[in-house]
Q: 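Could you have a look at this structure, given as structure tokens, before my questions?
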Protein chains: 2
Amino acid sequence: MAAKDTTPARRTTIYDLAALAGTSASAVSAVLNGSWKKRRISQKLADRIMRIAEEQGYSVNIQASLLRRERSNIIGMIVPKYDNRYFGAIAEQFEARARRLGLFPVITCTQRDPDLELEAARELVAYRIDCLVSTGATDPDHISALCAAAGVRTINLDLPGSKAPSIISDNYSGALDLTRHILDRCEKDLGDKRPLLFVGGRATDHNTGARIRGFRDAHAERGIPVSEEFILACGYAAEKAERALAALDMPLPRGMFVNSTITLEGVVRWLNQNRPPSKHPLRYGCFDWDPFAVLLPGNIGMVQQDVTHLLDKVFEELETPSGAGEPILVPCILRTL
Amino acid sequence: MAAKDTTPARRTTIYDLAALAGTSASAVSAVLNGSWKKRRISQKLADRIMRIAEEQGYSVNIQASLLRRERSNIIGMIVPKYDNRYFGAIAEQFEARARRLGLFPVITCTQRDPDLELEAARELVAYRIDCLVSTGATDPDHISALCAAAGVRTINLDLPGSKAPSIISDNYSGALDLTRHILDRCEKDLGDKRPLLFVGGRATDHNTGARIRGFRDAHAERGIPVSEEFILACGYAAEKAERALAALDMPLPRGMFVNSTITLEGVVRWLNQNRPPSKHPLRYGCFDWDPFAVLLPGNIGMVQQDVTHLLDKVFEELETPSGAGEPILVPCILRTL
DNA sequence: CAAGCTTGCGCAATCGATGTAGCATGATTG
DNA sequence: CAATCATGCTACATCGATTGCGCAAGCTTG
């Protein structure tokens, strides 16, 4: 109890190491950041500095380093949620790949909240990120504008924008395939030829729009008219789906197209409480994949978005910028069950 | 095409703003970081600076700011995976709460890889984080040591360590409750009184150890002996569970205790391919919760870890440090089905 | 009206790492 | 042996924001 915690423990700096090694801070810096060969530092001095740095448990002050350097090598990503396999996989793979490229990934989860998205983007910009990947952003163009003003590139993932290159799934084709499959199975298994019910998503968001087009076109191919009441774009949240189903003003169709796994949670919950499958056999498919949802009775197909391929494109864009334009479409994988 | 991208677009600094406002950089800095009242800057000047900053879309250079300041207000977290609801919820809630406290959360996913855990910790330390929360870390003490050397506090979450305060679920009680429940149901539904099969996890990790103790004690209460072969601590990954089940050298028990949702994926996959439930009725429970797994036939209980409560404790510890000691146990919630 | 406050603000050092420019020293060449 | 060159290293300005210190002008007070 001599001095009461008089150790604010100033971290070792290159100056400390320089003193210990009897050399200059420049030499230490050069050795530690790898530029020492170009700077004609002898192997001997390099070794000594390295050894001392390790002994002292030295760790660069990135803040100081970045302040001086041109690029930060920090790459930011905003992501709506972590409550499903799709975004989870995006986050994991994004991190792994960024790291492989020597970049430092910083991912922020914005809860599908437009204000939070902007706030998070602003914060990341303050950290001088080199590039921001906006995943599933509500208003990607707003984010791009904000970043552009600070000279930060953006890439849109999952939902397209007009001010930055966008990489998204081919939602139309995915929905077309899934809808065809559900219609087939409804007819084959249940002898039902009526239109399916589309549940979940926001009618204003690009992906839901594309999926609804695919959904409608698959019906049109078969000459099945789809009236408005069959489209329940009630939002993504599980509770919203439950409420929408409860408020349904017609007999529940035998086939359903569920627009996301989180929506599926609500749908399944509602069905279990209101339409025991024994009494009301159903066939449904879901846009997005989940390993347990795959096993649900009645689930006959899940569209898995190709995360690896999507991120391939993101990192291609990162390395050789092509600029904004038509979204790059990545095919989905239909997993029939 | 006049000059080919001759705009490295140097970001606006406080000096630029000072020039525009006809004042000094100190004044600008004080106004923008809120310390201007203490520094007796007039309201009038403050307003002018604010206006100009907004017009210019100014954004502080956090690197420069942090370099000068004492604390960084960055709080780091490492997390093993994003492929399940538990860690997803931890990440989401951690971010939200950190943000509410004015901290900047940086989460890194370490893929259950001990080397990556250390590497990530080292990197976060370089960013001068104020505190690191190691979630489910393989070797939390190693991380704590590394951080301590740099004067960075650590808090262990989900898996305990001896060198930092640890906040974990009460795995023993959770496992005891779940095992009792499965045993009851096996007897009631199937008339089976044999021991359950424990599948998944690493025997060396604290949580699996505690759960196995709970598992054994619940059997002991009923006088059911559990031999070694009933404990399959084969790792967490789904494939490992499948292989372990395939290699099982005895008839498959009627009841199972599955140690995580990711393990459950493997178990269910294997069962579906090898023991159609119709021919081999089972009762199983799982430590960890998943909304779709809840609906699986045969699944009769899931233990949900209380993420909100766990994070309450983490942030309590953050605000009023108590130091290392016995892990703080947070009760789990058994969701019977 | 001099001494002492208060108000409002600017100067300059500082944080730690980086990289350019330059200075010794020894080796090589004509 | 002088001129040239390569080698190995150091000094110092710099990045942008923060902050202790101090200065000037206006206001009180006796």
Side-chain angles (χ1 to χ4, degrees), chain A residues 8-50 53 56-74 125-128 130 150-151, chain B residues 8-50 53 56-74 125-128 130 150-151:
Chain A
R10 213 179 52 74
R11 262 108 135 170
T12 3
T13 70
I14 51 169
Y15 299 95
D16 302 331
L17 297 184
L20 284 171
T23 179
S24 72
S26 334
V28 174
S29 171
V31 168
L32 294 178
N33 69 30
S35 68
W36 59 282
K37 288 187 180 158
K38 290 157 222 149
R39 313 205 54 227
R40 297 186 311 214
I41 305 279
S42 66
Q43 183 75 52
K44 196 176 137 229
L45 179 57
D47 289 347
R48 181 151 41 100
I49 291 176
M50 286 295 222
Q56 302 294 314
Y58 172 81
S59 149
V60 280
N61 183 326
I62 301 250
Q63 261 77 49
S65 172
L66 291 187
L67 177 56
R68 196 56 173 59
R69 284 188 307 187
E70 189 67 8
R71 299 187 40 196
S72 71
N73 282 349
I74 307 179
V125 165
Y127 278 89
R128 295 306 185 249
D130 288 337
Chain B
R10 214 178 50 75
R11 263 109 135 170
T12 4
T13 70
I14 51 170
Y15 298 97
D16 302 331
L17 296 183
L20 284 171
T23 179
S24 71
S26 342
V28 174
S29 170
V31 168
L32 293 177
N33 70 28
S35 69
W36 57 281
K37 287 186 180 158
K38 287 159 223 145
R39 306 203 92 226
R40 295 183 313 212
I41 305 280
S42 66
Q43 182 75 49
K44 197 175 137 231
L45 179 56
D47 289 346
R48 182 151 40 99
I49 291 176
M50 285 296 221
Q56 301 294 314
Y58 172 81
S59 149
V60 281
N61 183 327
I62 300 251
Q63 259 78 48
S65 170
L66 291 187
L67 177 56
R68 195 60 174 65
R69 282 188 308 190
E70 190 65 10
R71 300 187 39 196
S72 70
N73 283 349
I74 308 179
V125 165
Y127 278 90
R128 295 307 184 249
D130 288 336

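Since this is a predicted model, take the numbers as computed values, not measurements. A note on names: the letters A, B, ... follow the listed sequences, proteins ahead of strands, and every chain is numbered from 1.
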Q: Which nucleotide sits closest to the side chain of B:Thr13: D:dC15, D:dT18, D:dG16?
A: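 Nearest nucleotide to the side chain: D:dG16.
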Q: Nearest-Å distance, CG (A:Leu17) to P (C:dA17)?
A: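 Those two atoms, CG and P, are 8 Å apart.
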Q: What's the CZ-P distance between B:Arg11 and D:dG16, to the nearest Å?
A: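 Answer to the nearest Å: 10 Å.
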Q: When you measure from the side chain of B:Ser65, which nucleotide among D:dT10, C:dA17, D:dA17 comes out closest?
A: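 Of all the options, the side chain of B:Ser65 is nearest to D:dA17.
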Q: Could you check whether any side-chain heavy atom of A:Leu66 comes within less than 4.5 Å of a side-chain heavy atom of A:Ile74, counting everything from C-beta outward?
A: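 Heavy-atom side-chain distance check passes, below 4.5 Å.
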Q: Hey, is the side chain of A:Ser42 poking within less than 4.0 Å of OP1 or OP2 on D:dC9, counting only N and O atoms?
A: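 Affirmative; the distance criterion is met.
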Q: How many whole angstroms separate atom CZ of A:Arg71 from atom C1' of C:dG19?
A: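 Interatomic distance, CZ of A:Arg71 to C1' of C:dG19: 18 Å.
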Q: Please report the closest heavy-atom contact between B:Ala126 and A:Gln63, naming both atoms and the distance.
A: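 Looking at all heavy atoms of both residues, the closest pair is O-OE1, 4.4 Å.
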Q: For residues B:Ala150 and B:Val125, report the shortest heavy-atom separation together with the two atoms involved.
A: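 The answer is CB-CG1, 3.5 Å.
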Q: Base, sugar-phosphate alone, or nothing: which one does A:Leu66 contact when heavy atoms must sit under 4.0 Å apart?
A: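 No contact.
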Q: Roughly, in whole Å, what's the span from CD1 in B:Ile14 to C1' in C:dT14?
A: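 So the two atoms are 13 Å apart, to the nearest Å.
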Q: Categorize A:Leu45 for me: base, sugar-phosphate, or nothing, with a 4.0 angstrom heavy-atom threshold over every strand shown.
A: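 Sugar-phosphate contact only.
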Q: Of the candidate nucleotides D:dT18, C:dA12, C:dT18, which contains the atom at the shortest distance from the side chain of B:Ser29?
A: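 Among the listed nucleotides, the one closest to the side chain of B:Ser29 is D:dT18.
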Q: Under a 4.5 Å cut-off applied to non-hydrogen side-chain atoms, are B:Leu67 and A:Asn61 in contact?
A: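 Yes; the side chains approach each other to less than 4.5 Å.
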Q: If you compare all heavy atoms of A:Arg128 against all heavy atoms of A:Ser72, which two are closest, and at what distance to 0.1 Å?
A: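 Result for this residue pair: O-OG, 2.5 Å.
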Q: Where the side chain of B:Ala27 is concerned, which of C:dG10, C:dA17, D:dC9 is the nearest nucleotide?
A: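 Of C:dG10, C:dA17, D:dC9, C:dG10 is nearest to the side chain of B:Ala27.
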Q: Let's see if you can work this out: which of D:dT14, D:dA11, D:dG20 has an atom nearest to the side-chain heavy atoms of B:Arg39?
A: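 Output: D:dG20.
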Q: What I want to check is whether an N or O donor and acceptor connect the side chain of B:Ser26 with the base of C:dC11 at under 3.5 Å.
A: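 By the distance-only test, yes, there is a pair.
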Q: Select base, sugar-phosphate, or nothing to describe what B:Ser35 touches, counting heavy atoms under 4.0 Å on all strands.
A: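 Answer is nothing: B:Ser35 stays at 4.0 Å or more from every strand.
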Q: Whole Å only: how far is the CH2 atom of A:Trp36 from the P atom of D:dC9?
A: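 After rounding, the reported distance stands at 10 Å.
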Q: Expressed as a whole number of angstroms, how long is the span from A:Lys38:NZ to C:dA21:C1'?
A: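 Nearest whole value for this atom pair: 18 Å.
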Q: From C-beta outward on A:Arg40, which listed nucleotide comes closest to its side chain: C:dT18, D:dC9, C:dA13?
A: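 Within the option list, the nearest is D:dC9.
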Q: Is the phosphate of D:dC15 approached by B:Asn61 (side-chain N or O, under 4.0 Å from OP1 or OP2)?
A: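 Looking at the OP1 and OP2 atoms of D:dC15, neither is under 4.0 Å from any side-chain N or O of B:Asn61.
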Q: Using whole Å, report how far CD of B:Gln63 lies from P of D:dG16.
A: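 Result: 12 Å.
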Q: Check whether any side-chain N or O of B:Asn33 sits under 4.0 Å from OP1 or OP2 of D:dT18, and answer yes or no.
A: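 For B:Asn33, the contact criterion (side-chain N or O under 4.0 Å from OP1 or OP2 of D:dT18) is met.
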Q: Find the distance B:Ile62:CD1 to D:dT18:C1' and express it as a whole number of Å.
A: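 To the nearest whole Å, that distance equals 13 Å.
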Q: Quick one: does A:Leu32's side chain get under 4.5 Å of A:Leu17's, heavy atoms only?
A: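 Side chain of A:Leu32 against side chain of A:Leu17, heavy atoms only: contact under 4.5 Å found.
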Q: Between C:dT18, D:dT18, D:dC9, which one does the side chain of B:Arg69 approach most closely?
A: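 Among C:dT18, D:dT18, D:dC9, the one nearest the side chain of B:Arg69 is D:dT18.
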Q: So, OP1 or OP2 of D:dT10: does either fall under 4.0 Å of a side-chain N or O from A:Tyr15?
A: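 No, no such contact exists.
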